[in-house]
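Heads up: the structure comes next, in structure tokens.
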Amino acid sequence: QVQLVESGGGSVQSGGSLRLSCTASGFTVSSASMGWFRQAPGKEREGIGCIDVTGRTNFADSVKGRFTISRDSAKASLFLHMNSLKPEDTAMYYCAAYERPFVVGCSLPQERYKFWGQGTQVTVSS
């Protein structure tokens with residue numbers, strides 16, 4: 001049974017940094033494309049970045065150059081490193097995984113992702 005659990009959210013001032021973690025069970029994080037999404041109040045959930053099985057990453061323009069994604073298979077974890085945070089980054093952040101393993105390449109449309117975590121809140125104050 002696949003489960004994803006996010007952690008690491010919190011409150012930070014503008015310009016600060018946070019690292020979110022997504023702990024996976026039921027599969028190996030390096031065996032499937034995985035992504036990070038966020039949903040701000042009153043807005044639709046958006047994809048912000050993903051990593052495929054080769055380690056190639058893909059980011060939305062809104063976070064490119066500020067956010068990075070890494071993973072540690074030994075810890076069964078995916079990470080979102082967020083730097084230069086802005087108030088508009090305030091949202092609930094979710095990790096997700098493709099259903100089919102060993103797919104090369106990843107993209108951000110939500111329908112490509114089968115498994116989702118429950119989310120962790122990030123609040124950035126000005």
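Model, not experiment: these values are computed from the prediction.
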Polar contact flag, side-chain donor to acceptor under 3.5 angstrom, S70-H81: yes
Single-linkage hydrophobic cluster F37~V103, side-chain heavy atoms < 4.5 angstrom: yes
Minimum heavy-atom distance between L4 and A24, given as atom pair plus value: CD2-CB, 3.7 Å
Evaluation steps, side-chain contact (heavy atoms from CB on, under 4.5 Å), between T120 and L20: CA-CA 8 Å; T120 187; L20 304 184; 4.0 Å; yes
For the student: nearest non-hydrogen atoms of Y93 and R38, plus distance: OH-NH1, 3.0 Å
From D52 atom CG to S30 atom OG, the distance as rounded to the nearest 0.5 Å: 11.0 Å
F115 ring center within less than 6.0 Å of Y98 ring center: no
Value rounded to 0.5 Å, distance of CZ in R66 from OG in S84: 7.0 Å
Cluster link V63 to I51, ILVMFWY, side chain under 4.5 Å: yes
Ring geometry between Y94 and W116 (parallel below 30°, tilted from 30 to 60°, perpendicular above 60°): perpendicular
Same apolar cluster: I69 and M92, side chain cutoff 4.5 Å: no
Test: K64 and D61 ion pair at under 4.0 Å: yes
Positive for side-chain contact (heavy atoms from CB on, under 4.5 Å) with F67, one of L85, N83, T57: L85
Common cluster, F102/F27, ILVMFWY with side-chain heavy-atom separation under 4.5 Å: no
Minimal non-hydrogen separation, E6 against W36, with atom names: CG-CZ3, 4.0 Å
Interatomic distance, M34 atom CE to F79 atom CZ [nearest 0.5 angstrom]: 11.0 Å
Shortest non-hydrogen separation from F59 to L108 and the atoms involved: C-CD1, 4.3 Å
Criterion side-chain contact (heavy atoms from CB on, under 4.5 Å) on V124 and L18, from CA distance to verdict: CA-CA 10 Å; V124 184; L18 276 176; over 6 Å; no
Side-chain (S33) to main-chain (V104) donor-acceptor, under 3.5 angstrom: no
Nearest atoms (heavy-atom pairs only) where Q110 meets E46: NE2-N, 4.3 Å
Side-chain donor-acceptor pair present, R112, S107, cut-off under 3.5 Å: yes
Beyond-backbone contact of R19 with L80, side-chain heavy atoms, under 4.5 angstrom: no
Distance-minimising heavy-atom pair for R71 and L78: CB-CD1, 4.1 Å
Modelled atom types, side-chain donor and acceptor of S77 and S21, under 3.5 Å: no
Q39 CD to R45 CZ distance, which is reported to the nearest 0.5 Å: 6.5 Å
